[in-house]
Amino acid sequence: MNRQARRQLVLKWILPATTSLIIGCVLLGTLHWAAANTDIVAQARQRDLATLIVSKMQVSVAHDQESATVWDDAVRNTSARDLGWLKSNLGDWMHTYFGHDAAIVLSADLSPIYEFIAPSNSLSSDDIRVAYMPLADALQKRLAASDTEGVTDRVLSIGESDLAYVGRRPAIVSVKPIVSDTGDIEQQPGDQNLHVAVRFLDESFVSEIGKEYQFADMQFAEDAPTDAEHSFVPLTARSGAAIGCFTWRPFRPGASVMKATLPAVGLAALAIFLAASVCGHAIWRRSARLASSREELQHLASRDPLTGLSNRAHFSSGLAARLGAAAQNQSHCVLFIDLDRFKAVNDTFGHATGDKLISLVARRMNEIMPAALIGRIGGDEFTVLLEDADDKVAAACAQIVQRLREPFEINGAHIVIGASVGAAIAAGPADPSELTRQADIALYHAKAAGRNTFAIFGGHMDELLRRRRKLEHDLRLALETRSQIEVFYQPVYSAEHKGLSSMEALARWKHPEEGFIAPDVFIPIAEEIGLIQEVGAIVLEDACSVMADLPSIAMAINASALELCSDGYPLRVLSRLAKWNIDPKRLEIEITESLALGGEGHSDRNFAMLRNAGVRIAIDDFGTGYSSFSRVQNLVVDRIKIDKSFIDAVQGESKPLIEAMIKMARAKGLKTTAEGVETDEQSDALVALGCDSLQGFLFSRPLARAAVIDLYDGAGKQTSTA
Ligand code: C2E
Ligand code: CA
Ligand code: CA
């Protein structure tokens with residue numbers, strides 16, 4: 001079970017159940033405690049009540065006796081031994097009226113005068129005698145001593161009373177003197193007759209008081225009950241002898257309340273559970289929503305929106321994590337992939353097509369490396385992390401290069417780009433920034449090796465990188481001092497009469513240690529370090545000075561996209577021409593195809609300014625970009641320079657293409673120049689096709705300033721505007 005599922009279980013069920021259980025238990029516990037305490041108090045009260053009842057019964061038996069024993073008639077009739085009277089007033093009557101079980105009238109010497117035993121009781125006189133004798137004896141002694149202790153308004157005579165076994169049954173035994181109520185009959189102390197009353201405590205008596213005082217199941221028992229179901233009070237004689245006990249099922253108000261309250265507690269616990277569960281569900285939903293939006297945010301923050309690949313930050317952190325956790329025997333490979341000519345596609349077809357192309361590239365890379373971590377770290381730059389692939393790196397790189405060379409179909413157009421790949425491999429845990437740096441260097445090498453290829457980092461590359469850094473440094477220095485940049489001029493000839501028609505200024509860097517460095521090498525460096533305008537300015541200045549020296553010759557200069565798009569470029573050019581007093585019509589600026597097609601911010605405005613002043617514009621390397629013929633129709637340029645790659649095959653496959661280019665140019669009123677003409681056959685073919693101008697080693701290599709002036713002079717200052 002994952003963390004989310006556990007959290008869900010806890011929030012939705014376990015927490016509510018635990019909460020309701022705890023609250024339910026606390027409620028129950030409190031209730032139980034209160035009930036138990038209530039029951040304890042209730043039981044204690046019942047016991048007190050039972051004890052009180054027993055002692056009240058003793059008092060009441062004595063009180064019953066007094067109704068007949070404190071009476072002149074009783075004194076007289078006892079003395080007269082009127083057994084009939086005694087029977088109806090002290091025997092039968094006591095039984096029927098008060099429920100006494102036995103009554104005995106004793107003479108002063110404690111011999112029985114009259115005996116009544118209720119018919120239902122199979123008692124012998126001796127049984128009773130054993131029980132009452134100690135009491136009668138004690139009373140007689142008190143009477144003889146004229147003891148009146150205990151006599152009050154309500155207790156008319158002294159008496160002795162106790163709990164005792166009569167036969168085998170517990171009973172109240174009470175002895176009272178038979179005395180005058182008026183005081184008219186004189187009795188000597190100790191001469192009084194006595195009356196004994198017996199009241200059994202078991203059976204009917206017990207159940208009667210049980211009923212009267214609402215004791216459930218009250219009974220007499222000889223021994224105390226041992227079960228918790230019964231409560232009891234012990235009965236003891238004055239001597240301390242145990243006379244059994246009263247037992248009953250105690251009234252438990254607490255237990256009853258508890259029983260009555262239990263369903264309510266159950267309902268409360270259920271309600272709490274439901275409430276907590278509802279809360280838990282709500283919290284869960286909220287936290288799940290939060291978690292998912294957090295995940296979404298994290299995902300968005302880590303993804304490139306166009307391709308869904310990792311972005312730079314996510315790729316870097318993934319790389320760092322995997323390299324940090326790599327085992328010793330594990331290898332990792334970082335690939336840097338840079339699309340070739342993507343910028344041209346973007347400029348030519350627009351950004352929507354560029355975006356579509358990028359997403360198709362991403363899809364292709366996912367197909368090639370479904371398990372790899374792939375990131376898009378720039379407009380047309382991708383990174384890949386491959387695991388345990390050291391012997392397959394070269395194959396993977398080759399596959400990427402090959403697959404990305406296959407055409408992409410976008411809106412019916414087949415677009416061919418290409419890719420350069422740099423790879424770096426590390427064994428075991430490695431420093432991600434070092435590995436990235438190595439892949440970057442390898443990429444640089446792949447590009448330098450002519451693009452559409454790959455390079456795997458090796459130690460020698462560091463050396464090359466150092467060389468590149470040195471070149472950058474030296475170029476800065478050269479441009480600061482303006483001393484090492486020289487300009488060579490390559491003549492361009494008229495196809496028609498083979499006369500010198502113009503020149504193209506080409507920059508050279510005369511490095512103090514390394515000799516001449518070709519512009520193909522240093523122009524990109526100058527662009528990269530932001531010094532291309534300085535190069536352009538040096539070339540333009542030199543070209544102007546040559547034009548001033550060679551009046552009427554036309555001159556072409558090359559401008560890089562970065563220059564052309566910069567604010568103030570037309571003004572810089574025109575002010576230079578003005579300074580040298582040169583007609584702008586003599587200058588032609590060669591630009592690349594994508595620039596001519598517009599796309600870069602300021603280029604259109606800059607073209608217009610230059611052309612309005614008379615400067616002509618030529619498209620260099622024509623045919624290598626993406627201009628379809630229909631698009632070229634709209635161009636506002638003066639010349640196209642057909643790229644050398646077409647010229648090389650002018651007698652073969654390129655012939656129809658060149659023919660079409662020349663026709664199209666003618667129709668538009670544009671001039672054509674063929675670049676890189678090396679053989680007479682090429683020259684003848686181009687002349688036959690109607691090309692206007694020819695340039696190439698066949699006629700002349702780029703020449704130093706002095707040589708070009710000689711050539712001009714030798715050509716008899718022949719010029720043409722072709
Ligand atoms: P590009 O404008 O196409 O210049 C023509 C290049 O082809 C020159 O190389 C030239 O020497 C060479 N070339 C001419 N005829 C032949 C031939 O018959 N056969 C062969 N194999 N090559 C021929 P370079 O001078 O090395 O210039 C290379 C590129 O550098 C130029 O190509 C141009 O794009 C750029 N470049 C040169 N100078 C400048 C400059 O001042 N500014 C800018 N922005 N770029 C420049
Ligand atoms: Ca050129
Ligand atoms: Ca060219």
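Predicted, not measured: the structure shown is a model, and the values here were computed from it.
In this structure, the side chain of R376 engages the main chain of G379 through a donor-acceptor pair within 3.5 Å. In terms of modelled atom types and a separation under 3.5 Å, the side chain of D39 and the main chain of A255 share a donor-acceptor contact. Without hydrogens or angle criteria, Q192 side chain to G190 main chain gives a donor-acceptor distance under 3.5 Å. Under a 3.5 Å cut-off, the side chain of Q8 and the backbone N or O of W284 do not form any donor-acceptor pair. With E66 contributing its side chain and S157 its backbone, the two residues share a donor-acceptor pair below 3.5 Å. Although no hydrogens or angles enter the test, the distance criterion places no donor-acceptor pair under 3.5 Å between the side chain of H195 and the main chain of Q65.
Pairs of residues two or more places apart, or lying in two chains, that qualify as side chain to side chain donor-acceptor pair (under 3.5 Å) and include a residue from residues 238-254 are Q46-W248, E160-R238.
Here the straight-line distance linking atom CD1 of I400 with atom CZ of R364 works out to 12.5 Å at 0.5 Å rounding. Distance check: I117 CD1 to D101 CG gives 10.5 Å after rounding to the nearest 0.5 Å. The distance from the CG atom of L21 to the CD1 atom of I14 is 12.5 Å, given to the nearest 0.5 Å. If you take OG1 on T148 and CZ on R142, they are separated by 8.5 Å, rounding to the nearest 0.5 Å. Summarising the geometry, atom CG belonging to L194 is positioned 10.0 Å from atom OG1 belonging to T69; distances are rounded to the nearest 0.5 Å. D72 CG to N77 CG: the interatomic distance, rounded to the nearest 0.5 Å, is 10.5 Å.
Within a 6.0 Å radius of CZ in R403, other residues, nucleotides and ligands contribute more than 12 heavy atoms. More than 12 heavy atoms of other residues, nucleotides or ligands shown are found within 6.0 angstrom of CD on E387. No more than 12 heavy atoms of other residues, nucleotides or ligands sit less than 6.0 Å from atom CZ of R7. Environment of CG in D227: crowded, with over 12 heavy atoms of neighbouring residues, nucleotides or ligands closer than 6.0 Å. No more than 12 heavy atoms of other residues, nucleotides or ligands lie within 6.0 Å of CD in E186, so this atom counts as exposed by the packing criterion. Within a 6.0 Å radius of CD in Q214, other residues, nucleotides and ligands contribute 12 heavy atoms or fewer. No more than 12 heavy atoms of other residues, nucleotides or ligands shown are found within 6.0 angstrom of CZ on R286.
Electrostatic pairing of R45 and D48 does not count as a salt bridge here, judged by no charged N lying under 4.0 Å from a carboxylate O. Salt bridge E208/K211: absent, no basic N to carboxylate O contact under 4.0 Å.
For the pair D388 and N329, the tightest heavy-atom approach, listed with the atom from each and the gap, is OD1-O, 4.3 Å. Across all non-hydrogen atoms, the minimal contact from I243 to A164 is CD1-CA, 4.1 Å. Taking all atoms of both residues into account, the shortest heavy-atom contact from G244 to Y165 is N-OH, 3.9 Å. Nearest heavy-atom pair, A423 versus L335, reported as atom, atom and distance to 0.1 Å: CB-CD2, 3.3 Å. Heavy atoms only, all atoms of each residue included: V10 and P16 are closest at O-CD, 3.9 Å. In terms of heavy-atom proximity, L106 sits nearest to I104 at CD2-CG2, 3.7 Å.
Proximity of F246 to I53: side-chain heavy atoms (C-beta onward) are nowhere separated by under 4.5 Å. Two residues are said to be in side-chain contact when any heavy atoms from C-beta on lie closer than 4.5 Å; P225 and C245 meet this criterion. In this structure the side chain of E149 never reaches within 4.5 angstrom of the side chain of I158, judged on heavy atoms. Counting heavy atoms from C-beta on, the side chains of H230 and D217 come closer than 4.5 Å. Between L297 and R294 there is no side-chain heavy-atom pair separated by less than 4.5 Å. Between Q328 and P429 the shortest side-chain heavy-atom distance falls below 4.5 Å. Contact of the L373 side chain with the R322 side chain is registered, since non-hydrogen atoms from C-beta on lie closer than 4.5 Å. For the pair S277/K12, no side-chain contact is recorded, criterion being any heavy-atom separation below 4.5 Å from C-beta on.
Among residues two or more places apart in sequence or in another chain, the side chain to side chain donor-acceptor pair (under 3.5 Å) test is passed with D137 by K141. With sequence neighbours left out, the ring-ring contact (aromatic ring centres under 6.0 Å, His included) criterion links H100 to F98. Listed by chain and number, the residues in a side chain to side chain donor-acceptor pair (under 3.5 Å) with T78 amount to none (sequence neighbours excluded). With sequence neighbours excluded, the residues forming a ring-ring contact (aromatic ring centres under 6.0 Å, His included) with W13 are H281, listed by chain and number. Listed by chain and residue number, D92 satisfy the side chain to side chain donor-acceptor pair (under 3.5 Å) test with K87 (two or more places apart in sequence, or in another chain).
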### Message
side chain to side chain contact (heavy atoms under 4.5 Å, CB included) for D162 and V173? Distances and angles first, verdict last.
### Response
CA-CA 5 Å; D162 200 1; V173 180; 5.6 Å; no
### Task
Verify side chain to side chain contact (heavy atoms under 4.5 Å, CB included) between I337 and M365, making sure each step is shown before the conclusion.
CA-CA 10 Å; I337 301 166; M365 291 212 284; 3.5 Å; yes
### Task
For the pair S124 and D126, evaluate side-chain hydrogen bond (donor to acceptor under 3.5 Å, both in side chains) and give the outcome as yes or no after the intermediate values.
CA-CA 5 Å; S124 73; D126 284 349; 5.3 Å; no
### R81/S107 under side chain to side chain contact (heavy atoms under 4.5 Å, CB included): CA gap, chis, key distance, verdict
CA-CA 10 Å; R81 304 293 195 264; S107 63; 3.7 Å; yes
### Message
Apply ring pair (Phe, Tyr, Trp, His ring centres under 6.0 Å) to residues W85 and W71 and explain how you reach the verdict.
### Response
CA-CA 13 Å; W85 190 91; W71 188 16; 5.1 Å; yes
### Stepwise side chain to side chain contact (heavy atoms under 4.5 Å, CB included) check, L28 with M258
CA-CA 9 Å; L28 266 183; M258 174 110 175; 4.1 Å; yes
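By the 30° and 60° cut-offs, the orientation of the rings of F116 relative to H95 is tilted.
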